[in-house]
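Just so it is clear, the structure is predicted and the values come from calculations on it, not from any experiment.
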Amino acid sequence: MLNSFSYIFRKYPLFRTFIWLIAIAIVVVVISLFNRQVTSAPVLSSINPSVASPGDVIVLRGDHFGNMRNNGFVEIGGERLTASSYLSWTDDEIKVLLPSNVQEGLVIVDISGNRSKPGVFTNETTIPVTVPVNTMSKMPSITSLSSESAGIGQVLIITGQNFGDSRKDSKVLFATSRTKNANVSFIEDDSISNKIYASTDDFDYESWSDSEIRVRVPDGAVSGDVFVLTEKGLSSPQNLKVLARGRKTFSNEKSYVIKISADISNIKAATGSSFTLHIPRPEVCAFQPEVEMAECSPQPLLENYHNSVIHQVEFNEIRDNKQEFSQNFIVKVYEISCTVNKDQVRPFADKTRPLFVEYTSPTAFIPSDNPQIAELASSIVKKERNPYNQAQLVYKYLLKNFALLQFSKTGDFLLDDVINDKTADAYDFSMLFVSLLRSLKIPAKIMSGVLVDNELKTRNHWWNEFYIENFGWVPVDLALGAGLDYNSFQQEEDRESFYFGNLDSQHILFSSDWNIIKSSLANNKIVYRPRSYALQNIWEESSAGTDSYSSFWNNPVILGVY
């Protein structure tokens, strides 16, 4: 048999050629299979962290993932992640943002049908906990308060049980004075709608354990009942007498339906390039206690992340090379009225308090440490040491010595130009005021949002608040005090006096002070919008591979008021 094969192989050249072709084909197939199994198969070596919650970022490390995602994907608990979940993809590392519906289970990286050996992921929110026999026993309960009375900003120690080992979304509620009409005197109301939360922006929460809470009495609180609210429910009340150097009330309630939208078009980007949009939400605060997102299109990645709605899509998923990102909010706003007992005001005593440190410090945007600012502030207040009187002197000086521009400038705040030209728009006035007060060590911040006139037209607007120890935040609107063209629902006879210490309910707040957003990737291209209705350093991000696109941010639109 072997001799016959050898004879045919030697005698017939065509047969020899055929045999060589078969041999070469076998070698090619073997090498291809070997490369597919050995070289190209993705290797998943670690998941960090392996226990996380929806909205968290996890990092998958290993080998042979490919330098671009292309047709690759990550599967968690049997479900393939959508394109918007991928933050970055390199040959040895994949970063993904966990979606709201993520399930625990096996994690697999799939590259064109080659699947890695699985890792294990656990959804922290689904970890079993011991179910109490009596669910009522887990309701928060207040045993006592450290004092029957406390001033605004002073620490109150709440003792009790079932507060939770950490605060998470739990809150401490205080009584406040909100009315729908300015002529209606405040009537105590135990409903949640007439309560005010301790503020994280003001660093009111000092510590939180299952049996003890240390919290500062928040700005806007009045004498009345104190509650602790957790995911298990609302505690029984404890009465507290609130001491303050004056009185703050909230009245003339208005509820607005406001539309925020942006259009993306003319996209030129490589496959797999992604786009992230940070759309600011109206901010929840003492005078704007309720914000609800009524509609949002398309479905966002995150509805509320650091006070922004996050949209993240791959450019190739946008149909017809254009898409609108739109959201409607229902916002409840109150007018603020402050009566400060000026003679009782003293310089800030607790200079280690986080609120004092945060809101008296210079930043990249607020040049309160500039020598021109310090010199000007000192020349304005002279020997006056009362912080309230100092703030009022600065207010009157700016109104007297600077001319108001009715329309907003473009670009960033330029201190030298404003001081030399002695002209300012609303943004410049707010930046000057906050810088001068911080240089005097008076806590102050710049507020950003829209102003709504009596025809329901909006314009970008900026104003300020400054903080008086044992009273709280005092609103100031220099542009309106200087005579900005503005048709309010109710005209004020003396606008200069009214807008120092008071604010009408036609200001919709989007950011109190600057919202500093971290880029999702170091090499992302970012877009910053100066002098807009929200103070944030990033509005848009596009990943590598993006050549160009067009964005248009529509002015906020009021759809209704009631």
Side-chain angles (χ1 to χ4, degrees), residues 55 100 169 171 178 180 192-197 199-201 220 250 252-264 276-313 323-336 446-463 465 475 488-489 503-515 517 529 531-536 538-540 551-562:
S100 59
D169 293 328
K171 300 176 178 67
R178 293 194 184 108
K180 292 187 177 182
I192 296 296
S193 62
N194 209 38
K195 300 298 178 186
I196 195 168
Y197 300 143
S199 171
T200 54
D201 289 340
F250 305 98
N252 283 342
E253 171 197 318
K254 290 183 175 64
S255 292
Y256 298 94
V257 181
I258 185 169
K259 179 180 179 179
I260 308 299
S261 62
D263 299 325
I264 306 300
T276 304
L277 206 62
H278 300 264
I279 295 184
R281 292 174 58 102
E283 187 168 304
V284 174
C285 63
F287 71 87
Q288 192 168 284
E290 296 181 28
V291 175
E292 177 186 352
M293 188 163 70
E295 295 181 26
C296 188
S297 177
Q299 186 69 26
L301 177 66
L302 296 170
E303 289 189 3
N304 191 355
Y305 183 72
H306 295 304
N307 209 54
S308 296
V309 181
I310 307 298
H311 291 277
Q312 188 178 73
V313 296
Q323 182 160 342
E324 180 187 44
F325 297 84
S326 174
Q327 32 272 304
N328 296 347
F329 298 96
I330 302 173
V331 187
K332 183 175 289 187
V333 183
Y334 289 83
E335 178 179 310
I336 310 171
I446 180 171
M447 316 288 278
S448 181
V450 296
L451 196 59
V452 184
D453 66 18
N454 59 7
E455 295 180 349
L456 302 187
K457 296 178 181 178
T458 67
R459 63 186 297 172
N460 295 347
H461 193 60
W462 307 271
W463 64 101
E465 288 187 344
S488 64
F489 294 158
L503 200 72
D504 61 45
S505 54
Q506 293 171 241
H507 292 65
I508 300 179
L509 177 68
F510 278 84
S511 57
S512 57
D513 222 60
W514 284 86
N515 182 18
I517 299 169
R529 302 180 65 230
R531 298 183 194 250
S532 193
Y533 55 88
L535 302 176
Q536 60 187 42
I538 298 177
W539 290 72
E540 305 166 17
S551 64
F552 179 77
W553 289 77
N554 302 285
N555 292 329
V557 177
I558 302 298
L559 303 178
V561 59
Y562 54 93

Nearest non-hydrogen partners of Met293 and Val309, listed with the distance | SD-CG2, 4.0 Å

Just how far is it from atom NE2 of His461 to atom CD of Gln506, taken to the nearest 0.5 Å?
-> 11.0 Å

Can you check whether Thr458 reaches Tyr256 side chain to side chain, under 4.5 Å on heavy atoms?
-> no

Leu503 and Trp463: which non-hydrogen atoms are nearest, and at how many Å?
-> CD2-NE1, 3.5 Å

Identify all side-chain donor-acceptor contacts of residues 552-562 below 3.5 Å with residues at least two apart in sequence or on another chain.
residue	atom	partner	partner atom	Å
Trp553	NE1	Glu540	OE2	2.7
Asn554	ND2	Ser261	OG	2.9

Can you name the nearest heavy-atom pair linking Leu456 to Val452, along with the distance?
-> CA-CG1, 3.9 Å

Which residues satisfy the side chain to side chain donor-acceptor pair (under 3.5 Å) test with Ser532, sequence neighbours excluded?
-> Arg529

Less than 4.5 Å apart, any side-chain heavy atom of Trp539 and any of His278?
-> no

Hits for ring-ring contact (aromatic ring centres under 6.0 Å, His included) against Phe250, two or more places apart or cross-chain, chain-then-number order -> none

Not counting sequence neighbours, which residues clear side chain to side chain donor-acceptor pair (under 3.5 Å) with Lys171? List them please.
-> none

Do any pairs count as a salt bridge (Lys or Arg N to Asp or Glu O under 4.0 Å) and have a residue in residues 296-312, sequence neighbours left out, and if so which ones?
-> none

Mind checking what makes salt bridge (charged side-chain N to carboxylate O under 4.0 Å, His left out) contact with Arg281, not counting sequence neighbours?
-> none

Any residue meeting side chain to side chain contact (heavy atoms under 4.5 Å, CB included) with Tyr305, in chain and number order, not counting sequence neighbours | Leu302, Ile310

Might you point out which heavy atoms bring Leu509 and Cys285 nearest each other, and give the distance in Å?
-> CD2-SG, 3.8 Å

Could you grab the distance from atom OG of Ser488 to atom CG of Asn454, nearest 0.5 Å is fine?
-> 7.0 Å

To the nearest 0.5 Å, atom CG of Leu451 lies from atom CZ of Arg459 at 7.0 Å

One should read off an interatomic distance between Gln288 CD and Lys332 NZ, to the nearest 0.5 angstrom, of 12.0 Å

With sequence neighbours excluded, what pairs up with Ser512 under the side chain to side chain donor-acceptor pair (under 3.5 Å) test?
-> Glu283

Could you list all the salt bridge (Lys or Arg N to Asp or Glu O under 4.0 Å) pairs where at least one residue sits in residues 504-513, not counting sequence neighbours?
-> Arg438-Asp513

OG1 (Thr276) and CD1 (Ile538) are apart, to the nearest 0.5 Å, by 9.5 Å

Minimum side-chain heavy-atom gap Pro289-Arg178 below 4.5 Å = yes

Donor-acceptor contact present, side-chain Ser505 to main-chain Lys254, <3.5 Å = no

Spatial distance of atom CG (Leu277) from atom CG (Leu301) [nearest 0.5 Å] | 11.5 Å

Please name all residues satisfying side chain to side chain donor-acceptor pair (under 3.5 Å) with Glu465, sequence neighbours left out, ordered by chain then number.
-> none

Considering only heavy atoms from C-beta outward, does the side chain of Tyr533 approach that of Ile260 to under 4.5 Å?
-> yes

His306 side chain near Ile517 side chain, heavy-atom distance below 4.5 Å = no

Heavy atoms, side chains only, cut-off 4.5 Å: are Asn460 and Val450 in contact?
-> yes

Correct closest heavy-atom pair for Phe287 and His507 would be CE1-O, 4.1 Å

Minimal non-hydrogen separation, Ser326 against Asn328, with atom names | OG-OD1, 4.3 Å

Residues in ring-ring contact (aromatic ring centres under 6.0 Å, His included) with His311, at least two apart?
-> Phe325

